[in-house]
Amino acid sequence: MAGLFQKILIANRGEIALRVQRACREMGIRTVAVHSTADAQAMHVRLADESVCIGPPQARDSYLNAASILTAAIVTGADAIHPGYGFLSENAEFADMVEAHGLTFIGPSPDHIRMMGDKITAKTAMASLGVPLVPGSDGELHSLDAARAVAETIGYPVLIKAAAGGGGRGMKVARAASELEEAWGSARAEARAAFGNDAVYMEKYLDRPRHIELQVMADSHGNVVHFGERDCSLQRRHQKLLEEAGSPVISEAQRAALGATVTSALQQLGYRNAGTLEFLYQDGQFAFIEMNTRLQVEHPVTEMVCSVDLVREQIRIASGEPLGYTQSDIRFTGHAIECRINAEDPETFLPTPGLVSAFHAPGGLGVRVDSALYAGYKVPPFYDSMVAKLIVHAPTRMEAIARLRRSLAEFAIVGIKTTLPLHQRIVEDPQFQSGEYTIHWLERFVAGG
Ligand code: ADP
């Protein structure tokens, strides 16, 4: 494949570093792993063609150390950097630095990363391109009085959200006027502490929405396609735990209509590479909340139903190749479900780093495990607690659930507690099986109610 990169540095760790390596290897591209001193024995280091230590355990000194990572890329002669998700993946300054040094950042342009990284500019841009929004403030709120005025207009309950938000932080509900001052203060304080930016805006707090997102891919020649929706309504503390493709409640016609709106918007924007637009869906209406300008954790469910390698597509597009197919070539087959398995106590959700003494992953037809775990691996305490993703694919949702049940039963991670037992409980639940759940369901399920 002429014109493709020769060597890609993967600026990440864990399962996603492996995921990107796998695509590279199949494309004949050499890989460079980077790692902190805590990750010297990690699987992503063992399986890479080359590896470079980029700093001490704390992420800010290693996986977030842009200068160190860029230096590693230059020293090893990599011609592109894949950022994975998290860490530097949505850092426009890093993308700028990479390009300024003559390397390719595998992702959108720094300007689009910047635009979507601020949720206020993202919403303004999407609204102007015809994408429907959750009702709320027209941009940033500069005072509590302004917040009060908007809340009176849209009606309580309302949500104060951080413009720089992510990971569910900097988000506070006010159910009535009496709660607004508290929500305003705590959302801003949390946003300042987490993101160094206390700009906030307001949205109507929807009482029973589903979280439905659309996967898009755009090349640098103006072609944009979508790979359908993912339903990520099963969340705890605004963090996704289990995702499905397609959504149990979205029809093909709805998918096509949303897809048309979104691909047209991104075409007008001149967007490039992978992206996900997140929506809340309630009473038959979609309302945009944010766009992620990177690969998502839950991308495998889309890969299973569309038979596409999204990382391969990202790499091809970043090298300048056209998509080479159109929307009508994309077919949706069967149903896929992903469980995020975290090194956490399934009751308290406290992290459980430590030694994995034995590890056995399920297999068989329609089963995929993305994980960097192995027997003898010590899960370090410094990073995100997600240690594995179990993805199943089957002709129908009920068959996917049956496959999930048997795969969960086969999965053995010994030595540390994980959220596997929680997933086993979820699959057995009649409400989950019915597909009738909202973003608030799991929180109540976990609380036992
Ligand atoms: P983050 O970037 O921190 O993940 P999002 O804006 O993507 O924040 O929202 C995360 C989750 O919070 C959503 O998936 C949804 O469950 C919930 N949420 C966000 N906005 C609203 C809203 N207006 N009403 C109800 N729930 C919301």
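Start at 1 with the first residue, then count along the sequence. Everything numeric here is computed off the predicted structure, so don't read it as measured data. Whatever order the structure lists them in is the order used to number ligands and atoms, beginning at 1.
- Against a heavy-atom cut-off of under 4.0 Å, L206 is close to the following atoms of ligand 1: 24 (N), 25 (C).
- Looking at S385 and E344, their side chains do bring a donor and an acceptor atom within 3.5 Å of each other.
- With a 4.0 Å cut-off on non-hydrogen atoms, K204 touches ligand 1 through its backbone and not its side chain.
- When the shell of 6.0 Å around CZ of R405 is examined, it contains more than 12 heavy atoms from other residues, nucleotides or ligands.
- Residues Y205 and H440 bring their aromatic ring centres within 6.0 Å.
- Around atom 17 (C) of ligand 1, the closest heavy atom drawn from H211, H238, E278 belongs to H238.
- Between L214 and E229, the shortest heavy-atom distance links the atoms CD1-N, 3.9 Å.
- Summarising the contacts of atom 19 (C) of ligand 1 with K161, R237, K123, Q282, the nearest heavy atom is found in K161.
- Polar contact check, G168 against ligand 1: a nitrogen or oxygen pair lies under 3.5 Å apart.
- Of all protein heavy atoms, the one closest to atom 5 (P) of ligand 1 is K119 NZ, 3.5 Å.
- With F432 as the aromatic partner, R397 meets the cation-pi criteria of under 6.0 angstrom to the ring centre and within 45 degrees of the ring axis.
- Geometrically, ligand 1 and L159 share no nitrogen or oxygen pair separated by less than 3.5 Å.
- Taking any N or O of P209, backbone or side chain, none lies under 3.5 Å from an N or O belonging to ligand 1.
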